[in-house]
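Everything numeric here is computed off the predicted structure, so don't read it as measured data. The residues of the chain are indexed from 1 along the displayed sequence.
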Amino acid sequence: MPNIITKFERAKPEDVAALAKFGSATVHEAQGRLGALSPRLKPVDRDMKICGPAFTVLGAPRDNLMLQLAIEYAQEGDVIIMSAGEYEDAGCFGDVLGNACVAKGIAGVIVDTGVRDTQMLIELGLPVFSLSVCIKGTVKETLGQTGVDIVIGGELVHPGDVLCGDADGLVVVRKEAAAEVARLSQEREDIETDLIAKYKAGRTVIDLCGLEPVLKAKGLTTDL
């Protein structure tokens, strides 16, 4: 089998654009509380947001050879996501590779290992999510694969699935479900906007969340 697979079905650009409007928590809730990657994976800057089809990479701990090859072969708009054994004690990605990604039009990078040169990555504006920040370098020795199913952050990610992320975390959406999840995300946002307006108008949490019968059944008492 080839080490590099680039030809796989990606989520439709219009579906990616529709999902990009929503926060990761909204998308996670809208698809039935599914798809959340480990909360240990966080952006190097809380203002970073990511959304795009997954260019999946299977790498090795303390080795960034496959990450470099992924930058070479990924398409514009792809999110490079590499599973490398949850090895925190190495910085496999920094400002040099970050500039290579920007030049290629890569939408962002997710790795379950460390990154470095974070201040320069923030200034570059490339969304980068990682397990840690670590100054220790890596080698370029071990071949892996791209364009294959990977497990990262406790979730299965297929090539071409949509990765959505922000300061709250990361969520994966199956490419075939992307349009429907975007629709459900909009419905959820509309409901929440209505709830916020009602709270501002004086309605209460117990009232709007229907908590009175629940609390009564549980025997809650107050001194009011």
Side-chain angles (χ1 to χ4, degrees), residues 1-11 16 37-38 40-45 48-153 155-165 170 172 175:
M1 293 179 64
N3 299 110
I4 301 294
I5 297 173
T6 64
K7 296 176 181 178
F8 50 83
E9 183 183 356
R10 290 165 169 82
V16 174
L37 276 64
S38 169
R40 295 168 62 203
L41 291 164
K42 285 290 192 289
V44 298
D45 182 80
M48 289 178 172
K49 294 190 67 176
I50 197 168
C51 191
F55 188 90
T56 54
V57 185
L58 186 60
R62 208 173 67 82
D63 192 314
N64 74 348
L65 176 60
M66 291 308 299
L67 187 56
Q68 296 206 31
L69 292 177
I71 296 169
E72 174 72 21
Y73 291 104
Q75 295 183 6
E76 181 177 355
D78 282 349
V79 170
I80 294 174
I81 179 167
M82 182 175 77
S83 174
E86 297 186 351
Y87 188 84
E88 298 183 52
D89 203 25
C92 73
F93 186 84
D95 67 316
V96 174
L97 292 183
N99 275 279
C101 286
V102 170
K104 276 291 293 281
I106 302 301
V109 174
I110 303 166
V111 294
D112 68 348
T113 179
V115 298
R116 59 187 184 179
D117 306 324
T118 54
Q119 188 58 47
M120 287 172 278
L121 289 175
I122 292 168
E123 293 170 3
L124 187 61
L126 176 73
V128 177
F129 288 66
S130 68
L131 202 58
S132 70
V133 174
C134 182
I135 61 175
K136 297 180 182 179
T138 57
V139 297
K140 302 171 182 63
E141 296 288 345
T142 309
L143 281 176
Q145 291 179 289
T146 72
V148 295
D149 294 348
I150 61 171
V151 175
I152 180 170
E155 286 291 328
L156 176 65
V157 179
H158 305 300
D161 286 346
V162 184
L163 274 305
C164 301
L170 288 159
V172 59
K175 52 182 171 284

Specify the closest pair of heavy atoms between [X] and [Y], including all atoms of both residues, with the distance to one decimal.
{"X": "I110", "Y": "V79", "answer": "CD1-CG1, 3.8 Å"}
{"X": "C134", "Y": "E88", "answer": "CB-O, 3.7 Å"}
{"X": "A90", "Y": "T113", "answer": "O-OG1, 3.5 Å"}
{"X": "L170", "Y": "G165", "answer": "CD2-CA, 3.7 Å"}
{"X": "C51", "Y": "C164", "answer": "SG-SG, 3.6 Å"}
{"X": "P61", "Y": "G85", "answer": "CG-CA, 4.4 Å"}

Do the non-hydrogen side-chain atoms of D78 and R10 ever get within less than 4.5 Å of each other?
yes
Sequence-distant partners of V102, side-chain contact (heavy atoms from CB on, under 4.5 Å), two or more places apart:
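Applying side-chain contact (heavy atoms from CB on, under 4.5 Å) to V102 gives L124, L126.
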Suppose we screen for side-chain contact (heavy atoms from CB on, under 4.5 Å). Which residues come up paired with K175, at least two apart in sequence or across chains?
E9, A11, H158, D161
For residues 92-101, tabulate all N or O donor-acceptor pairs below 3.5 Å that involve a side-chain atom, not counting sequence neighbours.
unit_1	atom_1	unit_2	atom_2	d
N99	ND2	D95	O	2.8

Does anything in residues 96-123 pair up under salt bridge (Lys or Arg N to Asp or Glu O under 4.0 Å), and if so which pairs, sequence neighbours excluded?
none
Apply the test side-chain contact (heavy atoms from CB on, under 4.5 Å) to residues V111 and L131: give CA-CA distance (whole Å), side-chain angles for both, the deciding distance (0.1 Å), then the verdict.
CA-CA 7 Å; V111 294; L131 202 58; over 6 Å; no
Run the numbers on V151 and V157 for side-chain contact (heavy atoms from CB on, under 4.5 Å), then give the verdict.
CA-CA 6 Å; V151 175; V157 179; over 6 Å; no
Can you give me every donor-acceptor pair (side chain of residues 137-144, partner residue at least two apart or in another chain, under 3.5 Å) with its distance?
unit_1	atom_1	unit_2	atom_2	d
T142	OG1	D63	OD2	3.1

Please report, to 0.1 Å, the donor-acceptor pairs under 3.5 Å made by any side chain of residues 65-75, with sequence neighbours excluded.
unit_1	atom_1	unit_2	atom_2	d
Q68	NE2	N64	OD1	3.4

My understanding is that only residues two or more places apart in sequence, or in another chain, count here; which of them pass salt bridge (Lys or Arg N to Asp or Glu O under 4.0 Å) with D45?
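Partners of D45 under the salt bridge (Lys or Arg N to Asp or Glu O under 4.0 Å) test: none.
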Partners passing salt bridge (Lys or Arg N to Asp or Glu O under 4.0 Å) against E155 (at least two apart in sequence or in another chain):
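Salt bridge (Lys or Arg N to Asp or Glu O under 4.0 Å) check on E155 returns nothing, list empty.
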[atom1]-[atom2] distance between [X] and [Y], expressed to the nearest 0.5 angstrom:
{"X": "L163", "Y": "L41", "atom1": "CG", "atom2": "CG", "answer": "10.0 Å"}
{"X": "R40", "Y": "F129", "atom1": "CZ", "atom2": "CZ", "answer": "16.0 Å"}
{"X": "E76", "Y": "I106", "atom1": "CD", "atom2": "CD1", "answer": "8.5 Å"}
{"X": "I81", "Y": "T146", "atom1": "CD1", "atom2": "OG1", "answer": "13.5 Å"}

Scan for side chain to side chain donor-acceptor pair (under 3.5 Å) pairs involving residues 126-137, sequence neighbours excluded, and state none if there are none.
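Sorted pair list: D89-K136.
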Under the side-chain hydrogen bond (donor to acceptor under 3.5 Å, both in side chains) test, residues paired with R62 that sit two or more places apart:
none
Begin from the C-alpha positions of L156 and D149 and carry the test side-chain contact (heavy atoms from CB on, under 4.5 Å) through to its verdict.
CA-CA 7 Å; L156 176 65; D149 294 348; 4.0 Å; yes
